[in-house]
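This report refers to the structure that appears directly beneath it.
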Protein chains: 2
Amino acid sequence: MSVTIYDLAREAGVGIGTVSRCLNNHPSVSAETRAKVLDVVKRLSYQPHAYAQRLASKKTNTISAIIPFFTNYFFIQVLQGVQDKAAELGFDLILYGVNNPSQAEYYLRRSLQRGHVDGVMFFSMSLPESYVPKFQQIRLPLVLVDAYHPEFDSISVRNLEGATMATRHLLKLGHTNIAMINASLSTQPARDRMEGYRIALAEAGLPFRNDRVFISEIGKQDGFNREAGRASMEDLIGKNSGKDRATAVFIASDVQAMGALEGAAELGVRVPDDLAIVSFDDIELAQHAQLTTMRQPMYEMGVLALEKLFARMKSPDSAPSLTTFLPSLIVRRSCGASVPSEQLV
Amino acid sequence: MSVTIYDLAREAGVGIGTVSRCLNNHPSVSAETRAKVLDVVKRLSYQPHAYAQRLASKKTNTISAIIPFFTNYFFIQVLQGVQDKAAELGFDLILYGVNNPSQAEYYLRRSLQRGHVDGVMFFSMSLPESYVPKFQQIRLPLVLVDAYHPEFDSISVRNLEGATMATRHLLKLGHTNIAMINASLSTQPARDRMEGYRIALAEAGLPFRNDRVFISEIGKQDGFNREAGRASMEDLIGKNSGKDRATAVFIASDVQAMGALEGAAELGVRVPDDLAIVSFDDIELAQHAQLTTMRQPMYEMGVLALEKLFARMKSPDSAPSLTTFLPSLIVRRSCGASVPSEQLV
DNA sequence: TGAACAGTTGGAAGCGCTTCCATGAATATA
DNA sequence: TATATTCATGGAAGCGCTTCCAACTGTTCA
């Protein structure tokens, strides 16, 4: 049927051990023999059987990525980084796209299956605590991306600093009354982004006021969605009159900002003239909507995730590392800065 | 180290054959024995070794998807369909995201590796002819999605009919001078969409005029990109004056339409008042930009792709099937229809 | 001249499973 | 009672590879 190393061995007049050594670039094969064997390999167009190799060598050359679909553009971008690096390192990538935490758990279990994958990447969700010992027991490398756990390698974005940068930008543009639209404070990113906002205000000697923070938790994703953004904006505009009027708002995510833009347009509030906006994430829509926003280096995060996984395979006992990325400010029209410096396109 | 069926067999006081039969729901095991074995399985928290199973059974329970990243939203949507169905059928999905045809070929070869996957899905690119015999020889199931080849199962969208529907919609709104912005005619979709446009015009007794079709091939993807759309729109507007003025345009894709909108805005042409627009694809941006467009059932296509692959595994000898999906008209603001009927959100 | 050693090589064992065949027990049939 | 027939079961063989160990060939050195 298909060509095996036994066929190669017979054809080349050598033993199967020698054939295997040739295929795996083992040093102790004479140049002559190697050439002979490789010639036969080519002639019979031999292809190794992936699973036989994996069974015998106890390495799978495969990793899995558990990643929620709802992150959309983030999903694609980060996946490109992962995929490119995986190809470079010769790994196959099993994709487990999920829509909810219970699906994620299912795939965690599946990834933990003995000999299934050499490593796991877990994205944008908090790791259920019950899986911590399981990964540690079988010593399966795990990297968290856009998430954090002290026991594992993690990669995340510095939400606090990013929020500070965003708010500082509005301050630099002369705004002194800056509101915030946030998502549920039950999530760490929302808390961090609010803290960053608070810090920037404090730096400028401005008070942090609870009545300037608008939070809606309607819809999915703890309020990180379009409808919640819209509701918050309507709320804000309803209360935004008189001399105490906010002239700018920092919005915790681009998707919320998209909804907020709709709400503002509907209520006749012009952006940026009546209200300047800076948000967070730089999803694809942000460019089209001309949102000034904090960009996360998604592709780079994907690449680094795989690098960390690889490093962990090499040295399983090193201490868990945390790498944080500083988001960068992308200036577009929504903040009202005079010279939009869109460099990306 | 890890628990094997030998451990189970010893612990349960049965043979390894019996254990294996229990695990695989083979009928000829007494209920009593089965219960005993399954109890031990649970007690030792046994996990089968994936690759040992695969080597012995000669089935991988894995499929690969070769899919270009540049399709963006299509990518995510269709992948969700694939993933959901794969989970249901118990398959693992190896994702090979690519950015160019040579990467695609690399992964085709990899997928063809003996015993690597049980089936392959190939998206949105034309299959290199040299791979046709390779798949046929080793009888590896292959499904083409958003693509077509007579020798394989294919799923595609009826571009011609979709274009006709789009153009008809503009006609129904009273337009009699309708232009088209297209991409390179070297691609089948571009040809089909133009033919559909032509047919709708003919139905209405209107002439097809070459000077009303604007094609730019700048940038990537044979002109299916933002810059090309913008260039074409600028070209159109430059030539659009006098009584021979086009009042509507059918644009071959949403991404082109996004660029076209920018160009129109810059040149002071209002959409839809001065120029009505209908485009094609219904990517995520389309909703935000309020583009009236032809929606492709992406999720459904993903599900069907996996169903076809599965069917092909069951009966390798049936004739190749082609399924086409009819896109549906999503009415938003860009066409100027009085009552936007956005049902999706 | 013989011992020690490095460089190659062949092939058995083993990875953990599925499957087939032989066997034995239990039941049905003449 | 003797003989089929069915149902469960144990375990060897085999999937295609890697790896280890033994063995064989030359060389080198005392």
Side-chain angles (χ1 to χ4, degrees), chain A residues 1-38 40-41 44-62 90 92 110 112-118 138, chain B residues 1-41 44-62 90 92 112-118 138:
Chain A
M1 179 82 178
S2 53
V3 187
T4 72
I5 53 167
Y6 289 90
D7 301 320
L8 298 182
R10 191 177 352 96
E11 194 73 13
V14 299
I16 57 160
T18 303
V19 171
S20 178
R21 278 183 289 264
C22 285
L23 295 171
N24 294 293
N25 294 316
H26 195 90
S28 72
V29 186
S30 71
E32 191 188 1
T33 309
R34 164 162 293 137
K36 189 168 59 181
V37 170
L38 293 183
V40 174
V41 165
L44 303 190
S45 61
Y46 165 81
Q47 289 253 303
H49 186 112
Y51 296 132
Q53 284 182 316
R54 291 171 187 192
L55 179 59
S57 68
K58 307 195 152 217
K59 310 209 69 200
T60 70
N61 273 306
T62 303
D92 271 342
R110 186 151 182 161
L112 280 162
Q113 189 185 19
R114 204 158 34 102
H116 200 169
V117 297
D118 290 336
I138 67 169
Chain B
M1 180 81 178
S2 54
V3 188
T4 70
I5 54 167
Y6 289 90
D7 301 320
L8 298 181
R10 191 177 351 96
E11 194 74 13
V14 299
I16 56 159
T18 304
V19 171
S20 177
R21 278 183 289 266
C22 285
L23 294 170
N24 294 293
N25 294 314
H26 196 90
S28 70
V29 188
S30 71
E32 190 187 1
T33 309
R34 163 162 293 140
K36 190 169 57 180
V37 170
L38 293 182
D39 179 59
V40 175
V41 164
L44 303 189
S45 61
Y46 165 81
Q47 289 252 303
H49 186 112
Y51 296 131
Q53 285 182 315
R54 291 171 187 192
L55 179 58
S57 68
K58 308 196 151 216
K59 310 209 69 200
T60 70
N61 272 307
T62 303
D92 272 343
L112 280 161
Q113 189 185 18
R114 204 158 33 103
H116 200 169
V117 297
D118 290 337
I138 66 169

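Residue numbers begin at 1 in each chain, while the letters A, B, ... track the order of the sequences.
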For G15(B) and A9(B), the nearest pair of non-hydrogen atoms, with its separation, is C-CB, 3.9 Å
Atom pair distance, as rounded to whole Å: CG in D7(A) and P in dG11(C): 15 Å
Reading nucleotides 13-22 of chain D from 5' to 3' and marking B where a protein heavy atom lies under 4.0 Å of the base, S where only the sugar-phosphate is that close, and - otherwise, the string is -BBBBBBB--
Would you please test H49(B) and L55(A) for side-chain contact (heavy atoms from CB on, under 4.5 Å) and show each step? CA-CA 9 Å; H49(B) 186 112; L55(A) 179 59; 4.1 Å; yes
Please determine whether a side-chain nitrogen of the Lys or Arg among D39(B) and K36(B) lies less than 4.0 Å from a carboxylate oxygen of the Asp or Glu. no
Atom pair distance, as rounded to whole Å: CZ in R10(A) and P in dG11(C): 13 Å
Please tell me if the side chains of L23(A) and I5(A) come closer than 4.5 Å, counting only heavy atoms from C-beta onward. yes
With no hydrogens and no angle check, just 3.5 Å: does a side-chain donor-acceptor pair link R21(A) and T33(A)? no
So S30(B), base contact, sugar-phosphate only, or nothing? Heavy-atom distance under 4.0 Å. sugar-phosphate
Do you know which of V37(A), V19(A), L38(A) makes side-chain contact (heavy atoms from CB on, under 4.5 Å) with L8(A)? V19(A)
Nearest heavy-atom pair of P48(A) and Q113(B): which atoms, and what distance? O-NE2, 3.2 Å
Aromatic rings Y51(A) and H116(B): how do their planes relate, parallel, tilted or perpendicular, breaks at 30° and 60°? perpendicular
At less than 4.0 Å, is any side-chain N or O atom of T33(B) found next to OP1 or OP2 of dT9(D)? Yes or no. yes
With a 4.0 Å cutoff (strictly under), does any side-chain N or O of T18(B) reach OP1 or OP2 of dG10(D)? yes
Pair pattern of DNA chain C in dot-bracket, where unpaired bases get dots and | marks partners in another strand, Watson-Crick or G-U under 3.5 angstrom: ||||||||||||||||||||||||||||||
